[in-house]
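Letters go in sequence order (proteins before strands), and every chain restarts at 1. Computation of the quantities below employed the complete heavy-atom set of this structure, encompassing side-chain atoms and omitting hydrogens, waters and symmetry-equivalent molecules. None of these values were measured; they are calculated from a predicted model.
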Number of protein chains: 2
Amino acid sequence: MTSASTSRPAQPKTRLSRDIVLAKALELVDAESLEALTMRRLGQELGRDPMSLYRYAENRAALLDGVAELVLEELSIQADDPDWKAQLSLFAHDLRRLALQHPNVVPLLVTRPLSTPLGMRPLGTLRPLEQILSLLVGAGFGPAEALHVYRAYYGYLYGHILNELQEYVVDPEENEVLLRLGLHRLPAKEFPRLRALAPALAEYDGAAELDQGLGILLSGLETQLSRQAAGPAA
Amino acid sequence: MTSASTSRPAQPKTRLSRDIVLAKALELVDAESLEALTMRRLGQELGRDPMSLYRYAENRAALLDGVAELVLEELSIQADDPDWKAQLSLFAHDLRRLALQHPNVVPLLVTRPLSTPLGMRPLGTLRPLEQILSLLVGAGFGPAEALHVYRAYYGYLYGHILNELQEYVVDPEENEVLLRLGLHRLPAKEFPRLRALAPALAEYDGAAELDQGLGILLSGLETQLSRQAAGPAA
DNA sequence: AGGTAAAGTCTACATCGTAGACATGCCAAG
DNA sequence: CTTGGCATGTCTACGATGTAGACTTTACCT
């Protein structure tokens, strides 16, 4: 063997760039896990010294932010569609698909913002927010109402994704078996409902569930807001 | 100074126990952060060798799970209340209060389950699920319907909490200023809506928002499910 | 050809989780 | 009271991690 052993997927020529680094980082996270994304490991994966990464991200936390931003950039929203509910539904399914495609990144999407005040987040992270606000205002909502709708919408959306990922088990064959096995550990006296629901847990249709919840929430919000706008107290 | 320098809050006598360890761990997480909770630091805080902790938790991850479980144990639900919507609303506000009280623990509550198949989670984590299912079945839902309602409910609830914590800024005085300052960084062309909403962002009433969203979602689910149960296709 | 700034590397250090051998304390059985 | 034995706590040590700072190499513009 001249230079490659088992996995050395990087030719030692090409110049590095932020995009290349982040792409490889995402690849690594998808293939293994968040903890597997260490500076040394990523450096090795790129055929470069780990320290070279610091030219493209201030530190590891920033690198993680970069990965999250990269994923979110795959999303786009048609901000001028007058049918806001359809557009929000579309966007929701896009995000859901993304989450299922990059499950290991979801913890980042969900927790990184908690340690970063809103105004300081990477722009890519804030863009969806701005676009959705724009969509809602364009559809006739007042700015404050739009914020209101956005919050309920995003809240439910993120919650649903977390829910679905929690119930998602990798191996589709042994799914039921594993599930029952896991549940079997639970004391029967204390967890009768949960144990009885094992089969129902196995046949979970995430997309349908998302649709239903969103539909209810959004049309509910719509009627409530329009009623409020019609006759509020002065 | 005889033995204490700045902070040595542990008398070297008392026997350790899992509860003591977890309580101190939670205290530390609340006072500082998740990353501050290292084995060495916690050992020092307890006046014991770091390695002694391994008698009470297999490893650091298990310790984190323990902290999450400890927090969730503060919750309780009245599973025999026939007014399920009121009970769910109560529980929701309990959880919200808990999240605001222990914001640093929320990432744990949200992400730890992602790496643990449902059946393998600490029992304390699963108890709310079981109790809510019980509540719903007791109120007349079929088991599958109950699961359905639970998912939408918990999804929205967790989403709302994440949302609220994201917009929560610590210093209540400089709140507006900081917020505006943060937002001021955003390019005006690209983020007009967001920048204009700075004042609205500042006066966020989490409890009210939670109530409204939950109310809409739950009553929507109720009517939809009852309609479904009345006349479904065979 | 030369010079300058960027890109990449090397070395070193503090800190982390934790394995494994060891010391110490406590309680029950003799 | 003595003597086990087992649970509890400690010590030492190792490999891995993030990253600072000084250095070398490379690429490009004049």
Side-chain angles (χ1 to χ4, degrees), chain A residues 3 6-29 31-68 104 107-108 111-112 115-116, chain B residues 3 5-26 28-29 31-68 104 107-108 111-112 115-116:
Chain A
S3 75
T6 52
S7 65
R8 201 70 51 84
Q11 54 276 62
K13 286 299 181 186
T14 55
R15 274 279 271 284
L16 236 40
S17 75
R18 179 153 220 265
D19 289 340
I20 294 178
V21 169
L22 289 183
K24 213 28 163 216
L26 176 58
E27 194 179 304
L28 184 53
V29 170
E32 307 201 8
S33 71
L34 272 185
E35 308 92 57
L37 177 52
T38 75
M39 303 307 259
R40 295 171 141 96
R41 176 71 191 281
L42 181 55
Q44 167 182 331
E45 218 70 31
L46 288 162
R48 290 285 165 20
D49 188 280
M51 290 310 281
S52 66
L53 303 175
Y54 287 91
R55 304 276 175 198
Y56 305 100
E58 275 221 352
N59 46 39
R60 192 179 115 106
L63 197 146
L64 291 176
D65 283 340
V67 171
N104 295 337
L108 285 187
T111 57
R112 291 292 318 167
S115 21
T116 324
Chain B
S3 73
S5 59
T6 52
S7 64
R8 203 72 51 83
Q11 54 277 59
K13 287 297 178 185
T14 56
R15 274 277 271 283
L16 236 42
S17 76
R18 181 154 219 263
D19 289 340
I20 294 178
V21 169
L22 289 183
K24 215 23 164 219
L26 175 57
L28 184 53
V29 169
E32 307 200 8
S33 72
L34 272 184
E35 308 93 58
L37 178 52
T38 74
M39 303 307 258
R40 295 171 140 96
R41 177 72 191 281
L42 181 56
Q44 166 182 332
E45 218 70 32
L46 288 163
R48 291 285 168 10
D49 188 281
M51 291 310 282
S52 67
L53 304 175
Y54 287 90
R55 304 279 175 194
Y56 305 100
E58 274 221 352
N59 46 37
R60 192 179 112 103
L63 197 145
L64 292 177
D65 283 341
V67 171
N104 294 337
L108 285 187
T111 57
R112 290 291 319 166
S115 20
T116 324

As an exercise, state the distance from [atom1] of [X] to [atom2] of [Y], rounded to the nearest 0.5 Å.
X     : Y     : atom1 : atom2 : answer
A/Y56 : A/L46 : OH    : CG    : 10.0 Å
A/R15 : A/R48 : CZ    : CZ    : 9.5 Å
A/L53 : A/R18 : CG    : CZ    : 11.5 Å

Please list, one pair per line, the donor and acceptor atoms closer than 3.5 Å that link side chains of residues 57-66 of chain A to other protein atoms, with sequence neighbours excluded.
| unit_1 | atom_1 | unit_2 | atom_2 | d |
| --- | --- | --- | --- | --- |
| A/N59 | OD1 | A/A61 | N | 3.4 |
| A/N59 | OD1 | A/A62 | N | 3.0 |
| A/R60 | NH1 | A/L37 | O | 2.5 |
| A/D65 | OD1 | A/R112 | NE | 2.7 |
| A/D65 | OD2 | A/R112 | NH2 | 3.3 |

Detail all sub-3.5 Å separations between protein N/O atoms and N/O atoms belonging to nucleotides 25-27 of chain C.
none

Can you name the residues that form a side chain to side chain contact (heavy atoms under 4.5 Å, CB included) with B/R55, not counting sequence neighbours?
->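 With sequence neighbours excluded, B/R55 shows a side chain to side chain contact (heavy atoms under 4.5 Å, CB included) to no residue whatsoever.
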What is the distance, to the nearest angstrom, from the [atom1] atom on [X] to the [atom2] atom on [N]?
X     : N      : atom1 : atom2 : result
B/Q44 : C/dG17 : CD    : C1'   : 16 Å
A/M39 : C/dT9  : CE    : P     : 14 Å
A/L37 : D/dA16 : CG    : P     : 17 Å
B/D49 : C/dA21 : CG    : P     : 17 Å
A/L42 : D/dT17 : CG    : P     : 12 Å
B/L16 : C/dT24 : CG    : C1'   : 15 Å
A/R41 : D/dA16 : CZ    : C1'   : 14 Å
A/I20 : C/dA7  : CD1   : C1'   : 13 Å

B/S17 or B/R40: which one's nearest nucleotide on DNA chain D is closer to the 5' end?
->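 Nearest nucleotide further toward 5': that of B/S17.
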Given A/L16, which of A/I20, A/D19, A/T14 fulfils the side-chain contact (heavy atoms from CB on, under 4.5 Å) condition?
->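 Exactly one pass, corresponding to A/I20.
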For DNA chain C, find the residues of residues 50-62 of chain B with a heavy-atom distance under 4.0 Å and give them by number; none if there aren't any.
->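 Here the set is B/M51, B/Y54, B/N59, B/R60.
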Compare every heavy atom of A/L28 with every heavy atom of A/A36, then report the nearest pair and how far apart it is.
->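 Answer, listing the atom of A/A36 first, then A/L28: O-CD2, 3.8 Å.
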Closest approach of B/P107 to B/L34 (non-hydrogen atoms, all atoms of both residues) |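 Shortest heavy-atom separation between B/P107 and B/L34 comes out as CB-CD1, 4.2 Å.
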Salt bridge (charged side-chain N to carboxylate O under 4.0 Å, His left out): pairs with one or both residues in residues 31-44 of chain B, sequence neighbours excluded |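 Listed once each, the pairs are B/E32-B/R41, B/R41-B/E45.
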